[in-house]
Amino acid sequence: MFREILRALKMHRIFIVQELKRFTEYKGDFLTGAVGLLLAQLCNIVFISVIFGQIPELMGWKYNEVMFIYGFSLIPKALDHLFFDNLWSVGYFIVRKGDFDKYLTRPINPLFHVMAEKFQVDAFGEMVIGIILLSCSLPSIEVEWGIGKVLLVIVAIIFASFIYTGIKIGTASIAFWTKRSGNITFMFYMVNDFVKYPIDIYNNVVRSVLTYIIPFAFTSYFPALYFLTGENPLFNIGMTIVVALIVMTIGVLIWNRGIKAYESAGS
Amino acid sequence: MSTYRANWLFYILGDVLACFVSFFVWEAVFISNGGESFMGFDKSDMVVYIFMSFLTGQVISSGGTYNIGEEVKDGSIAMRMIKPISYNATFLFQEIGNKLMEIGVIFIPLVAGVEIYRFAVTGELKFDILKFLIYLVCCVFAYAINFFFNICYGFTAFVFKNLWGSNMLKNTVVSFLSGAIIPLAFLPEVLKNVLICLPFSSLTYTPVMIYMGMYTGYELLFFAGVQIFWAVVFWLLSKVIWKCVINRLSIQGG
């Protein structure tokens, strides 16, 4: 088991190095995508700033707290985007064009191969904004920081990013039956827009969906709440980990069933 | 398009979700604000703005950038060039076909929804058929601007290889400058005046403000004039760019 993980990590590194070589050839490409994502986030920050220019608090949330949650939400999203972006291609064209054959003929796990194949540097745009927002809003938030808490942040962020990955695996797998599911992934993925803001501004229905059905609330609001208030670590962090494991398991189960239903395209 | 109808529907649903995020954020703003108006917009205005700017964005959207980029990359642009009709016209008519179906599906439910909401909240019917017709005409102008702008931008595919990235970069900047994220009226005075002169405010902001009845009389004529001006500018520009790049185009392969 341990040796397999080491082997997988080593292979993932080789994949990433290959991708980076590709980027040195198209340097402009890297900048366009990253700058685009960076600007997209900046526009939303202007939006929030305009609102807080007129009102001191949004349903009891202060400017820097909203910024903290916003920044926190970007980092798991960016991590998943950076490492596992290729899952989008499964739903959009890999299955439809029959290119999935390639993964089945290699001596490594097809899911691992698909996920590791691409290294999407565009994600640095979101990552940079997330880190800037966190570091700008932190000084004004009265929380004591110790080494334990820093470790918790890292754990929470890693598991939160698995929620994204799990949802992407599950929805991408639908393509094995329908040939094309990219837009289903898109629809689920867009739900994450809700959790950039504190979820108690929404009504009960939306809040329940974000917590129990498409649990994006665990990628930002709940873990961020713990770091903002120091309350309820067992629920806020613990449940993030549990939910991430559940979502990932469901995703992989759908994938495993789907891969059996896969039919290649063409002659 | 009709082959992947369900797929398209999911895409639209995903986009509509983003509207609901703004809807809830603004609702929270008005609650925190004690229900007063926010820089001249009251809550029902804001809801109309959010959904109508989304709808306008869909109506005027144009896929020229991406398609041209793809065709330049894989060489299929050659197939368009051997046809005895104008290059732009082939894109235009292809797109109008798709658009009619799209609009048929989302236009009526959204406008009806917005008007019912407005009626329920304010208690009076604010729908004005004349304003609505002017809005539709302005959408046509806005579509013309967007169409030619996208064709101009599409030729950057000669420079950028990352089509997804450059397309997203453009969409982000355009949606901000066109007022799709925040009504331009909320921005600082200087910035607002600059953006109103740029072509992008003609895309979303002008039609939506007209729909909402914020522009009247000479103001209305002025902004419609601005729209026509930019449509002509981008039309000419697309001709010039076409003349320049067509000689540099080299198609790989057989």
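These numbers come from the heavy atoms of this one structure, side chains and all, not from hydrogens, waters or symmetry mates. Residue numbering restarts at 1 for every chain, and letters A, B, ... go by the order of the sequence lines.
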CG-CZ distance between Leu17(B) and Phe188(A), expressed to the nearest 0.5 angstrom: 10.5 Å
Leu42(A) versus chain B, the contacting section by heavy-atom distance below 4.5 Å: neither
Intermediate values then yes/no, side-chain contact (heavy atoms from CB on, under 4.5 Å), Val25(B) and Phe47(A): CA-CA 10 Å; Val25(B) 171; Phe47(A) 170 69; 4.0 Å; yes
Interchain contact, Asn171(B) with chain A, by part (heavy-atom threshold 4.5 Å): neither
Atom CZ of Phe91(B) with >12 non-hydrogen neighbours under 6.0 angstrom: yes
Steps toward side-chain contact (heavy atoms from CB on, under 4.5 Å) verdict (Met59(A), Ile31(B)): CA-CA 7 Å; Met59(A) 309 265 278; Ile31(B) 291 172; 3.8 Å; yes
Residue Ile181(B) versus chain A: region with a heavy atom under 4.5 Å: both
Ring geometry between Phe24(B) and Phe194(A) (parallel below 30°, tilted from 30 to 60°, perpendicular above 60°): tilted
Greater than 12 external heavy atoms within 6.0 Å of Phe52(A)'s CZ: yes
Inter-residue atom distance Gln54(A).CD - Ser37(B).OG, 0.5 Å rounding: 9.5 Å
Under 4.5 Å from any heavy atom of chain B - which part of Tyr197(A): side chain
Where Thr172(B) and Gly36(A) come nearest, the two heavy atoms and their spacing: OG1-O, 3.9 Å
Heavy atoms of other groups near Lys62(A) NZ, more than 12 under 6.0 Å: no
Heavy-atom proximity to chain B below 4.5 Å, by part of Asn203(A): both
Stepwise side-chain contact (heavy atoms from CB on, under 4.5 Å) check, Phe10(B) with Thr185(A): CA-CA 9 Å; Phe10(B) 281 120; Thr185(A) 310; over 6 Å; no
When Leu13(B), Ile12(B), Val29(B) are compared by non-hydrogen pairs under 4.5 Å with chain A, the top option: Val29(B)
Heavy-atom pairs under 4.5 Å with chain B, option from Ile184(A), Leu39(A), Val191(A) with the top count: Ile184(A)
Partner of Val21(B) by side-chain contact (heavy atoms from CB on, under 4.5 Å), out of Val206(A), Ile201(A), Asp193(A): Asp193(A)
Over 12 foreign heavy atoms within 6.0 Å of CZ, Phe20(B): no
Nearest non-hydrogen partners of Met190(A) and Ala18(B), listed with the distance: CE-CB, 3.9 Å
Heavy-atom proximity to chain A below 4.5 Å, by part of Phe23(B): neither
Verdict with supporting geometry, Ile51(A) and Phe186(B), side-chain contact (heavy atoms from CB on, under 4.5 Å): CA-CA 9 Å; Ile51(A) 289 174; Phe186(B) 294 174; over 6 Å; no
Contact origin within Val16(B) toward chain A - heavy atom pairs under 4.5 Å: neither
